Novice: 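Before we start, here is the structure in question, set down as structure tokens.
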Amino acid sequence: MNFIIYIVAYPLLWLLSILPFRIFYWVSDCLFVLVFYVVRYRRKTVQENLRLALPKLSDSERKTIERKFYHYMCDMFLEMVKTLTISEEQMSKRYVFTNIELVQELEKTNKSIILFCAHYASWEWMIIMGKYINSKGFGIYKKIQNPYFDRLIHKIRSRFNAELIDTSHTIKAVLGNESKGIKGVYAFVSDQSPMLVDANFWVDFMNMEVPVHTGGEALAKKLDMHALYLKVERVGRGYYQATFVPLAEEVKKVPNYDITVRFIREVEKQIHAAPEYYFWTHKRWKHRGKNPKK
């Protein structure tokens, strides 16, 4: 069944990916109507998240953000599909790094980099970074159950000198690379909620105490890596600019969990500035108030 779903879906995805951008975003507009009004995909979850995270806004203000978010979510999903066939030249024009020289300078220290990322704006097109750096780019991701679509995600995200590492193999893969002298830039999308059994640190995120992933910081400290946040901003439909924000100068001298807290604070700034570009469909705050130490 997995294969049948794949062979039916793949030609459609490929055809979508080759559409001119003007038609491509018209398709996204149509998809928005279907997802928002007909399917109503996770709308209760989105509404609850917005109510929890942005309680000072009025109902009408949150409804406006909700609608804008769904419109953007459809754009972003199709932009991921577009990655199948988009040229390097096109992506370089549409996803611009404002200070890539920072990464290039850090590479000269012969240390790897942990890149903290959030479910904000486009985290898919960051793969074009491989065009500008000498290190290998690695993206940490959760394996998809359908093996055929999992391979497709690998194909999409492994362009431009990038490689995916399954979350269950992260530590082994990073340690293996370091032991071989392979330096890399490891992208962690770290703002999702871990399972309670794995929670070892809690932080106020949008004024709610929740557990957060700390694996990126732990690896940075263990292996003396640089720690950066990738601040991505949408500057137009299908256009982004990304800025690298240092989270610590010397990671081993920073108190435990400070890097993780600094990352969360950067994410909060972006949410407050333009909340419609945060990924509200995931239950980020489902464990709020469940800290066993409180």
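Computed from a prediction, not measured in an experiment: that's the story for all the values here. Position 1 is the first residue of the sequence, and the numbers go up from there.
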Novice: Should the pair Glu276-Arg67 be classified as a salt bridge under the 4.0 Å nitrogen-to-oxygen rule?
Specialist: no
Novice: Distance to the ring centre below 6.0 angstrom and angle to the axis at most 45 degrees; does that hold for Lys231 and Phe244?
Specialist: no
Novice: Check whether Tyr257 reaches the backbone of Trp202 with its side chain - one donor and one acceptor, N or O, closer than 3.5 Å.
Specialist: no
Novice: Does any N or O in the side chain of Asn49 come within less than 3.5 Å of the main-chain N or O of His282, such that one atom is a donor and the other an acceptor?
Specialist: yes
Novice: Asp224 and salt bridge (Lys or Arg N to Asp or Glu O under 4.0 Å): which partner among Lys111, Lys253, Lys252?
Specialist: Lys111
Novice: May I ask you to decide if Tyr25's main-chain N or O and Ser28's side chain share a donor-acceptor pair within less than 3.5 Å?
Specialist: no
Novice: If I take atom NZ from residue Lys63 and atom OG from residue Ser58, how far apart are they, to the nearest 0.5 angstrom?
Specialist: 9.5 Å
Novice: Determine whether the side chains of Thr83 and Trp125 contain a donor N or O and an acceptor N or O closer than 3.5 Å.
Specialist: yes
Novice: Under 6.0 Å from the ring centre and within 45 degrees of the ring axis: does the NZ or CZ of Arg94 meet both conditions for the six-membered ring of Phe21?
Specialist: yes
Novice: With a 4.5 Å cut-off on side-chain heavy atoms, are Phe205 and Ile271 touching?
Specialist: yes
Novice: Could you go through Gln90 and Tyr95, starting from their C-alpha distance and side-chain angles, then the distance that decides it, and tell me whether this counts as side chain to side chain donor-acceptor pair (under 3.5 Å)?
Specialist: CA-CA 9 Å; Gln90 276 187 318; Tyr95 201 92; over 6 Å; no
Novice: How far does NZ of Lys283 sit from OG of Ser193, to the nearest 0.5 angstrom?
Specialist: 11.5 Å
Novice: Please determine, by modelled atom types, if Gln241 and Thr98 share a side-chain donor-acceptor pair under 3.5 angstrom.
Specialist: no
Novice: Evaluate His226 against Ser112 for side chain to side chain donor-acceptor pair (under 3.5 Å), listing each step before the verdict.
Specialist: CA-CA 6 Å; His226 298 291; Ser112 292; over 6 Å; no
Novice: Go through the steps for Tyr70 and Phe32 under the test ring pair (Phe, Tyr, Trp, His ring centres under 6.0 Å), then give the verdict.
Specialist: CA-CA 7 Å; Tyr70 274 97; Phe32 162 73; 7.4 Å; no
Novice: Lys221 vs Asn256, test: side chain to side chain donor-acceptor pair (under 3.5 Å). Steps then yes/no.
Specialist: CA-CA 9 Å; Lys221 287 195 165 190; Asn256 288 339; 2.9 Å; yes
Novice: I'd like to check Leu247 versus Asp258 (side-chain heavy atoms, cut-off strictly below 4.5 Å). Are they in contact?
Specialist: no
Novice: Is a donor from one side chain sitting under 3.5 angstrom from an acceptor on the other, for Tyr278 and Arg284?
Specialist: yes
Novice: Could you check whether Arg237 pairs with Asp29 (Lys NZ or Arg NE/NH1/NH2 to Asp/Glu carboxylate O, under 4.0 Å)?
Specialist: yes
Novice: Under 6.0 Å from the ring centre and within 45 degrees of the ring axis: does the NZ or CZ of Lys131 meet both conditions for the six-membered ring of Phe97?
Specialist: no
Novice: Considering all heavy atoms of both residues, which atom of Ser190 and which atom of Phe116 are nearest to each other, and what is their separation?
Specialist: OG-CD2, 4.1 Å
Novice: CD/Glu66 to CZ/Arg62 distance, rounded to the nearest 0.5 angstrom?
Specialist: 10.5 Å
Novice: Nearest 0.5 Å, please: how far is CD in Glu105 from CG in Asn99?
Specialist: 11.5 Å
Novice: Please confirm whether Arg262 makes a cation-pi placement over Tyr229, using NZ or CZ under 6.0 Å from the six-membered ring centre and within 45° of the ring normal.
Specialist: no
Novice: Indicate yes or no: does Lys93 engage Glu89 in a salt bridge with an N to O separation below 4.0 Å.
Specialist: yes
Novice: I need the Met80 CE to Glu124 CD distance, nearest 0.5 Å.
Specialist: 5.5 Å
